[in-house]
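Structure, as structure tokens:
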Amino acid sequence: MTEPLKPIVLGAADARGGASDGRPDEDLLAGLNPPQRDAVTHRGPALLIIAGAGSGKTSVLTRRIASLLRTHEAYPSQILAITFTNKAAGEMRERVQQLIGDSAQGMWISTFHSACVRILRREAQQFGFTKSFTIYDSGDSRALIKRLVKQHEGDAFGFTPAAVQGRISKLKNELADAESYARQANMSDPAERVFVEIFADYQRSLQKANAFDFDDLIAQTVYLFRAFPHVADVYRKRFRHILVDEYQDTNHAQYALIHELTRPVVGKAGDAFSSGGMMIFEPDEAPETEGASLTVVGDSDQSIYAFRGADIRNISEFERDFPGAKVVLLEQNYRSTQNILSAANAVIGHNFDRKDKKLWTDVGDGDPIIGFTGYSQHDEAQFVADEVDALRRKGVDYAQMAVFYRTNSQSRALEEIFIRAAVPYKIMGGTKFYERAEIKDALAYLVAVANPADEMAVRRILNKPRRGIGDVTETTIARYAADEGITFRDALANGSALGVGPRIQQAIAQLDAVLVEASEIMLPSSGEIAPSTSVTEGLNVLLGKSGYLDALRMSKDPQDEARVENLDELVAVTREFARNNPEGTLLDFLTEVTLVSDADDLDDASGSVSLMTMHTAKGLEYDAVFVTGVEEDLIPHRISAGEPGGPQEERRLFYVALTRARKRLFLSLAMTRAQFGEVSAAMPSRFLQEIPHHLIDWRQSPGDVNSRGGMQSRALNARRGGSGGGSRFGGGGRYGDDLVPLPPRDRPAGSIEKFANRIPAKIRDNGDLELAAGDRIRHDDFGEGKVDMVTGEGAKRVAHVRFDTAGPKKLLIKVAPITKL
DNA sequence: GAGCCCTTCACGAGC
DNA sequence: TGAAGGGCTC
């Protein structure tokens with residue numbers, strides 16, 4: 001991200017060797033099947049690789065790049081490869097380097113957002129920004145929108161910040177701005193007028209703050225290319241080979257960006273163009289008039305980001321958009337067993353709007369898929385923990401196991417049990433490090449230095465730590481800045497002119513002094529470039545001399561201790577950054593921190609089980625995968641029912657989850673799930689019915705938990721030692737035996753009803769069963785045991801029981817299958 | 001301006 | 001269940 005475009009100094013003679021005589025890239029094709037070979041070697045203006053899950057697409061993409069370089073068809077600097085996450089970018093770079101060595105230096109392999117930041121930093125001056133612009137993450141932009149909604153009294157029209165943010169984001173992904181939207185909106189509707197005002201004001205505020213939000217990074221780059229063709233030409237000449245991974249998840253703005261980059265160059269060939277102080281030289285004989293060659297890889301069955309504007313048509317209409325495109329279909333799967341693939345194929349086959357495609361493998365059926373129905377989410381979690389343990393004992397690394405769920409909130413129950421079961425785990429997502437208040441505060445300090453125009457950042461730190469600067473003073477400063485025509489930040493330097501009390505004046509002066517001092521360290525006024533270690537130094541000054549750390553250390557709040565530790569961690573991150581980026585600047589650091597995602601933090605070597613949402617799971621693979629919460633209202637999610645294409649997208653999401661598994665796949669659900677602190681009944685997901693029954697080996701099926709009679713699964717359950725309930729009445733046959741299969745089409749309401757008669761009208765209720773420490777009880781699954789203690793109250797009373805054979809368990813008294821002896 | 005308590009609302013996925 | 005925001009008092 002930090003290295004500038006480097007002039008190319010390759011000898012012209014060997015620059016463009018042919019790809020023929022004895023193929024210099026022959027070794028790159030080793031082990032590839034015929035379609036894969038095609039995908040690597042085809043040359044032409046456009047190539048679409050439809051890559052089913054696990055069909056070796058990363059391998060194909062990296063070999064294609066390596067082949068282009070090896071045959072001298074392209075210089076590294078002429079290659080732009082777009083991946084979905086920074087982590088994927090890093091991996092791809094590494095793999096290309098493994099294939100061809102250091103000559104891979106100079107390629108751009110990055111996400112859309114990172115690539116656009118690089119371009120924008122170079123070109124920002126062209127349209128009213130400076131290169132030190134900041135990037136607003138969704139939290140920042142939410143905060144700004146919140147202020148604007150209030151200001152424009154948007155709540156009177158029912159506007160919530162979240163809704164406004166969502167609408168603006170959607171519009172930006174469609175490349176609409178406030179003016180163009182206003183032109184086609186019904187402006188006689190006062191609500192529409194207010195929305196347009198907020199939108200326009202939001203955009204003005206961003207511009208004034210010298211900031212872009214996530215969506216702007218893409219949209220403004222497109223705007224830049226369209227408004228300044230000579231700027232676009234620089235990049236069109238530079239990038240001769242553009243490769244885009246996960247093409248099915250591109251939105252319209254990203255599509256437009258690719259379109260702009262692959263246009264033929266209009267300017268004359270071979271000229272060097274100076275841009276942002278950086279010279280870009282082109283090889284002399286490059287055929288400049290043609291558009292860049294475009295390779296996209298995708299799988300419409302794995303499109304799961306429609307909610308953020310991904311347009312599946314980008315891939316389905318690729319051949320129309322890029323005439324002469326070659327299409328290669330990769331269907332052979334090298335990842336999963338046939339059982340897993342058959343299940344995945346069966347599920348995705350229920351989507352009607354897709355081209356038929358069947359994954360297959362030659363590795364054999366493998367183990368059956370294991371199904372489990374827990375009584376509660378804790379029961380389900382216990383099952384997962386038990387199986388994880390069993391796999392570990394069979395020699396499977398923790399790092400090779402993953403647990404997926406639909407919503408982040410589901411991770412709690414899993415965590416609880418994992419901690420108790422001493423299973424090492426790592427959560428991707430959830431409350432993210434960079435979203436913590438203290439981290440955002442610290443970053444706001446850095447932003448205030450890096451981009452003083454960013455008023456949001458300066459306002460944020462104004463009274464952190466408490467300096468006695470409240471709303472009134474803040475408004476006074478803002479008004480003063482407006483009157484004098486200076487920025488909010490500069491107003492701080494004139495504290496004495498504000499007409500506020502001496503105490504507050506002093507507080508403002510002190511804040512100003514700290515910012516100035518840190519600025520001298522990280523952005524010396526002498527103009528020399530500060531070393532990358534200056535970020536650490538500057539951050540320490542900011543946190544130390546502002547009194548921020550002292551305030552936390554002196555606080556009585558026990559949480560503040562953890563906050564200090566988090567800040568230490570952030571300082572450690574800056575050190576790490578300096579090590580990895582010897583030429584990195586403060587801006588580079590802030591960019592990196594803003595654009596990292598949770599998936600990027602993934603550390604496969606950490607030796608722990610990975611917990612993540614199904615969305616995060618995309619692009620990853622594990623030997624053993626647990627898909628949890630396979631219930632109606634979770635997957636498909638309740639909210640998706642009301643969205644066009646919602647259930648279809650949910651099915652694709654489930655498909656993505658299934659196809660992450662290499663050898664073992666576990667599907668689990670719970671019959672009751674607590675939300676908002678209340679327990680409600682859950683129903684098995686309709687997707688479960690879509691899997692042929694013989695593929696799933698139910699350890700405990702929904703029928704077991706709900707129907708009558710039989711001992712079989714109870715015995716199974718007891719032997720396994722699940723906790724918290726399990727099958728009350730046991731239950732004989734397999735899940736599928738008494739189910740009516742659905743016709744192979746979406747039947748949202750009907751399928752639920754089919755299951756509904758499997759669900760008891762109400763959950764077992766032990767009512768006012770009184771238990772106390774010392775009581776002996778009998779549990780349907782665990783046998784007899786002694787109550788150690790009872791915690792909680794009313795319906796939430798929990799018995800801590802030491803079972804004679806099954807060991808210690810916690811049971812929710814109200815619903816557990818127990819009797820007092 | 002700060003601290004406290006109360007009510008309310010949310011739990012859909014992310015660069 | 002938990003966080004966040006509003007309103008009250010000092």
Side-chain angles (χ1 to χ4, degrees), chain A residues 82-89 110-117 135-139 141-143 146 150 160-162 165-166 169 172-173 212-219 246 249-251 253-254 303-310 404-413 416 428-432 434-435 437 463 465-474 500-501 503-504 507 556-557 559 591-600 612-618 629 633-643 646 649-650 652-654 656-657 673-680 796:
Chain A
I82 302 284
T83 59
F84 200 67
T85 63
N86 290 300
K87 178 179 181 256
S110 67
T111 62
F112 270 108
H113 291 87
S114 299
C116 286
V117 170
I135 303 162
Y136 278 16
D137 68 17
S138 29
S141 93
R142 175 79 55 97
K146 193 170 170 186
K150 206 174 207 172
T160 63
Q165 186 183 29
S169 171
K172 286 185 174 183
N173 286 336
F212 296 103
D213 65 20
F214 277 148
D215 301 312
D216 275 344
L217 293 177
I218 317 285
E246 307 285 9
D249 283 326
T250 50
N251 59 36
Q254 292 164 333
S303 161
I304 54 174
Y305 282 103
F307 74 90
R308 67 180 210 218
F404 303 156
Y405 36 80
R406 176 65 177 84
T407 68
N408 276 309
S409 56
Q410 288 168 250
S411 67
R412 249 191 244 163
E416 255 170 55
M428 331 318 308
T431 327
K432 293 166 219 157
Y434 290 105
E435 283 175 11
N463 200 31
R466 303 231 153 85
R467 309 184 163 89
I469 307 178
D471 287 348
V472 180
T473 313
E474 191 179 326
V500 294
R503 228 204 186 114
I504 295 176
K556 295 174 296 221
D557 187 340
Q559 286 197 331
T591 302
E592 187 172 302
V593 157
T594 313
L595 293 183
V596 292
S597 68
D598 293 315
D600 296 332
M612 69 190 82
T613 66
M614 298 184 192
H615 281 90
T616 307
K618 191 174 78 158
D633 290 352
L634 272 178
I635 177 84
H637 195 272
R638 172 172 44 88
I639 297 171
S640 74
E643 291 170 358
E649 173 146 322
E650 296 285 308
R652 289 193 294 269
L653 181 57
F654 188 60
V656 166
R673 199 161 282 275
Q675 50 178 11
F676 302 108
E678 282 182 14
V679 179
S680 57
K796 311 245 168 65

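As the structure is a prediction and not an experimental result, all values here were calculated from the model. In what follows, chains carry the letters A, B, and so on, assigned in the order in which the sequence lines appear, proteins first and then strands, with residues in each chain numbered from 1.
The side-chain contact (heavy atoms from CB on, under 4.5 Å) check on A:T407 picks up A:S409, A:Q410, A:L634, A:H637, with sequence neighbours excluded. With sequence neighbours excluded, no residue forms a salt bridge (charged side-chain N to carboxylate O under 4.0 Å, His left out) with A:D215. Checked against side-chain contact (heavy atoms from CB on, under 4.5 Å), A:A89 has the following partners two or more places apart in sequence or in another chain: A:T83, A:I109. Legend: residues meeting side-chain contact (heavy atoms from CB on, under 4.5 Å) with A:R142, ordered by chain and number and at least two apart, are A:P161, A:A162, A:Q165. Listed by chain and residue number, A:K57, A:K618 satisfy the salt bridge (charged side-chain N to carboxylate O under 4.0 Å, His left out) test with A:E246 (two or more places apart in sequence, or in another chain). Residues forming a salt bridge (charged side-chain N to carboxylate O under 4.0 Å, His left out) with A:R467 (at least two apart in sequence, or on another chain): none. For the side-chain contact (heavy atoms from CB on, under 4.5 Å) test, residues two or more places apart in sequence or in another chain that qualify with A:V500 are A:T473, A:T476, A:L498, A:I504, A:Q505. In this view, A:T111 and A:S114 satisfy the side chain to side chain donor-acceptor pair (under 3.5 Å) rule, not counting sequence neighbours.
In this structure, A:R673 places its CZ atom 14 Å from P of B:dG12, rounding to the nearest Å. Rounded to whole angstrom, the span from the NE2 atom of A:H615 across to the P atom of B:dC15 amounts to 11 Å. The distance between atom CE of A:M614 and atom C1' of B:dC11, rounded to the nearest whole Å, is 15 Å. In this structure, the CZ atom of A:R652 is 13 Å from the C1' atom of B:dA13, given to the nearest Å. One interatomic measurement links the two molecules: CD1 of A:I304 to C1' of B:dC15, which rounds to 13 Å at whole-angstrom precision. Here B:dC11 presents its P atom at 10 Å from NE2 of A:H637, a figure rounded to the nearest Å. The CG-C1' distance, from A:N173 to B:dG14, rounds to 12 Å in whole Å. Computed from coordinates, the A:R142 CZ to B:dC9 C1' distance equals 13 Å when rounded to whole Å.
Of the inter-residue distances, the one linking A:M614 atom CE with A:F404 atom CZ reads 8.5 Å to the nearest 0.5 angstrom. The distance from the CG atom of A:D633 to the CZ atom of A:R673 is 11.0 Å, given to the nearest 0.5 Å. Taken from CD1 in A:I304 to CD in A:E649, the straight-line distance is 7.5 Å, to the nearest 0.5 Å. For the atom pair OH (A:Y434) and CG (A:L595), the distance works out to 11.5 Å, reported to the nearest 0.5 Å. Here OG1 of A:T594 is found 5.0 Å from CD1 of A:I135. Values are rounded to the nearest 0.5 Å. With values rounded to the nearest 0.5 angstrom, A:E592 atom CD is found 8.0 Å from A:N86 atom CG.
Only the P atoms considered, C:dA4 is 16 Å distant from B:dA13, to the nearest whole Å.
Listed nucleotides: B:dG12, B:dC15, B:dG1. Nearest to the side chain of A:V472: B:dG1. Residue A:T616 places its side chain closer to B:dG14 than to any other of B:dG14, B:dC15, C:dG2. For A:R308, the side-chain atoms get nearest to B:dC15 when compared with the rest of B:dC15, B:dA13, B:dG12. Here the nucleotide nearest the side chain of A:F214, chosen from B:dC15, B:dG14, B:dG1, is B:dC15. When distances are taken from the side chain of A:T407 to each of B:dC11, B:dG12, B:dG14, the shortest belongs to B:dG12.
The residue A:Y305 sits close only to the backbone: its heavy atoms come under 4.0 Å of sugar-phosphate atoms, none of a base. When heavy atoms are screened at a 4.0 angstrom cut-off, A:T594 is found touching no nucleic acid atom at all. Residue-level contact check: A:D137 touches neither bases nor backbone, having no heavy atom under 4.0 Å from any strand. Counting any heavy atom pair closer than 4.0 Å across all strands shown, A:E650 reaches a base atom.
Side-chain N/O atoms of A:N408 include one lying less than 4.0 angstrom from OP1 or OP2 on B:dA13. Checking the phosphate oxygens (OP1, OP2) of B:dG14, a side-chain nitrogen or oxygen of A:T613 falls inside 4.0 Å.
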Give me, pair by pair, the N or O atoms of the protein and of nucleotides 4-8 of chain C that are less than 3.5 Å apart, along with how far apart they are.
unit_1, atom_1, unit_2, atom_2, d
C:dG5, OP1, A:K146, NZ, 2.3

Scan nucleotides 6-8 of chain B against the protein and return all N/O pairs shorter than 3.5 Å with their distances rounded to 0.1 Å.
none

Is there any protein nitrogen or oxygen under 3.5 Å from a nitrogen or oxygen in nucleotides 2-4 of chain B, and what are the pairs?
unit_1, atom_1, unit_2, atom_2, d
B:dG3, OP2, A:R466, NH1, 2.7

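Ring pair A:F214/A:H113 is perpendicular by interplanar angle, where above 60° counts as perpendicular and below 30° as parallel.
Where A:D471 and A:R412 meet DNA chain B, the nucleotide closest to each residue was compared, and A:D471 sits on the side nearer the 5' end. Residue-to-nucleotide proximity on DNA chain B shows that, of A:I639 and A:E474, the 5′-proximal contact is made by A:E474.
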With Watson-Crick and G-U wobble geometry limited to distances under 3.5 Å, how should the secondary structure of DNA chain B be encoded in dot-bracket form, using | for bases paired to another strand and [ ] for crossing pairs?
||||||||||.....
Please walk me through it: do A:T613 and A:T616 pass side chain to side chain donor-acceptor pair (under 3.5 Å)?
CA-CA 5 Å; A:T613 66; A:T616 307; 2.8 Å; yes
